Number of protein chains: 2
Amino acid sequence: MEAVSLLQHHVEQQLREEGGLSSVQFQLLARLAHGPGALTMTELADGVVYSRSGLTYQAGLLEKAGLIERGPSPGDERAIQVAITQKGRDLVEHVLPGHAEVVRSMLFDPLAEADVETLGTLMNRVRDHMRALPPRSAAPRRKRSE
Amino acid sequence: MEAVSLLQHHVEQQLREEGGLSSVQFQLLARLAHGPGALTMTELADGVVYSRSGLTYQAGLLEKAGLIERGPSPGDERAIQVAITQKGRDLVEHVLPGHAEVVRSMLFDPLAEADVETLGTLMNRVRDHMRALPPRSAAPRRKRSE
DNA sequence: TATTGTTATACTCTATAACTATA
DNA sequence: TATAGTTATAGAGTATAACAATA
């Protein structure tokens, strides 16, 4: 956890300095940039943000900065399609090299290629396990008297 | 990183619900509880908090809650010794089982024993590597025109 | 009735800079 | 001059609950 904390801290700094982005904002942009097209707010939030209002807040900032656009969703009148703008793509491209460099120099550098592979395999397994857990209500963690 | 994010989120929740603690506060208390005796503020901050004022803030909260005590430091009149109180120890003990259960069920459960070992080895290596890097000034990341 | 998204609000946390005091 | 710690302050981020609109 200490390694992760250090890594996150350095990543945050690089993204902030070179792009004015928090890592949450970067993740949202990156998801939009790499995916096929637009996503709904709910799809976009998945795995990045843990409250609806949190995403609304972040999306508001990104839209105000001209990095994303929100529009109606064809299939569902309640939903909103979020798409990245060219400016958003440009910013991601601008920030990406530095980001990759931070991750490489801090995380990958001390690991052999096989180690990186192993780490990926293990953590993918952990992630899949956690995503498969009950969302957070049938949790078997209640005390008897609460 | 998604796995880590999910884990952190669940850990935060458990600590908050069962102990009213943030994970930073828990780390500070745990460090004091397990170590031999008192630590100075600077020693305590190491690896947990990234600004002096951040630690002063958190220590203020913990002291107000009666979980730690601050006193003068024998060797150095500038420094302050921070010690955990009995109440602090009790709280750590109270929260610990649930914390261990979260980590076990979410992180260790999907991994074999050897995997846990491997993960620890790799991440220790990464941590040591990161701690050995130049503190953050000789960083070769400045732009030519800034 | 459930789901999508927003708003209002309150709160926690963090960081920067200025400051005091000791080494 | 450098280090230990605090304070003031400002800003960013998050979550909860109430809300409106559509499925």
Side-chain angles (χ1 to χ4, degrees), chain A residues 5-6 8-17 19-29 38-65 68-83 135-137, chain B residues 5-6 8-17 19-29 38-65 68-83 135-137:
Chain A
S5 170
L6 286 165
Q8 286 176 334
H9 193 246
H10 285 262
V11 165
E12 285 274 355
Q13 283 203 165
Q14 183 269 330
L15 292 174
R16 186 70 67 188
E17 282 170 16
L21 294 172
S22 70
S23 72
V24 164
Q25 290 158 4
F26 176 69
Q27 285 177 66
L28 295 175
L29 286 181
L39 296 175
T40 66
M41 294 287 280
T42 298
E43 290 165 348
L44 184 56
D46 183 47
V48 178
V49 162
Y50 297 94
S51 71
R52 294 175 162 282
S53 62
L55 178 58
T56 297
Y57 171 75
Q58 292 295 343
L61 293 183
L62 293 174
E63 189 173 42
K64 201 181 308 176
I68 64 170
E69 280 173 345
R70 283 187 278 196
S73 186
D76 189 332
E77 295 275 335
R78 298 170 302 182
I80 285 189
Q81 291 277 352
V82 183
R136 151 163 115 96
S137 55
Chain B
S5 170
L6 285 165
Q8 286 176 333
H9 191 247
H10 285 261
V11 165
E12 285 273 355
Q13 283 204 163
Q14 184 269 331
L15 293 174
R16 185 70 68 187
E17 283 170 16
L21 294 171
S22 70
S23 73
V24 164
Q25 290 159 3
F26 176 69
Q27 284 178 66
L28 296 175
L29 286 182
L39 298 175
T40 66
M41 294 287 280
T42 299
E43 289 166 347
L44 184 56
D46 183 47
V48 178
V49 162
Y50 298 94
S51 71
R52 295 176 161 281
S53 63
L55 179 57
T56 297
Y57 172 75
Q58 292 295 343
L61 293 183
L62 293 174
E63 191 173 42
K64 201 181 308 176
I68 65 170
E69 281 174 345
R70 281 186 278 194
S73 186
D76 189 332
E77 295 275 336
R78 298 169 301 181
I80 284 190
Q81 291 278 352
V82 184
R136 153 172 120 90
S137 56

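Each chain gets a letter, A, B and so on, in the order its sequence line appears, and its residues count up from 1. Treat the numbers as computed from the prediction; the structure is a model and nothing was measured.
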Go through the structure and list residues passing side-chain contact (heavy atoms from CB on, under 4.5 Å) with [X], not counting sequence neighbours.
X: A:Ser5; value: B:Tyr50
X: B:Val49; value: B:Val24, B:Leu55
X: B:Glu43; value: B:Leu39, B:Thr40

OP1 or OP2 of [N] sitting under 4.0 Å from any side-chain N/O of [X]?
X: A:Arg52; N: C:dT4; result: yes
X: A:Arg16; N: C:dT14; result: no
X: B:Arg70; N: D:dT6; result: yes

May I ask you to list the residues of residues 38-49 of chain A, by number, that have any heavy atom positioned under 4.0 Å from an atom of DNA chain D? none
Write out all pairs satisfying salt bridge (charged side-chain N to carboxylate O under 4.0 Å, His left out) with one or both partners inside residues 46-58 of chain B, taking only residues at least two apart or from two chains. B:Asp46-B:Arg131
Among D:dA15, C:dT6, D:dG13, the nucleotide that comes nearest once only the side chain of A:Ile80 is considered: C:dT6
Of the candidate nucleotides C:dT7, C:dG5, D:dG13, which contains the atom at the shortest distance from the side chain of A:Gln58? D:dG13
How does protein reach along nucleotides 18-23 of chain D, written 5' to 3' as B (base within reach of a heavy atom under 4.0 Å), S (only sugar-phosphate), or - (no contact)? ----BS
Does any pair with a residue in residues 53-63 of chain B pass side chain to side chain donor-acceptor pair (under 3.5 Å), and if so which ones, sequence neighbours excluded? B:Gln25-B:Gln58, B:Glu63-B:Arg70
Looking at residues at least two apart in the chain, or sitting in another chain, which of them share a side-chain hydrogen bond (donor to acceptor under 3.5 Å, both in side chains) with A:Arg78? A:Asp76
Within this structure, what is the CD-to-C1' distance between B:Glu12 and C:dC13, rounded to whole angstrom? 11 Å
For residues 19-29 of chain B, which residues have at least one heavy atom under 4.0 Å from DNA chain C? B:Ser22, B:Val24, B:Gln25
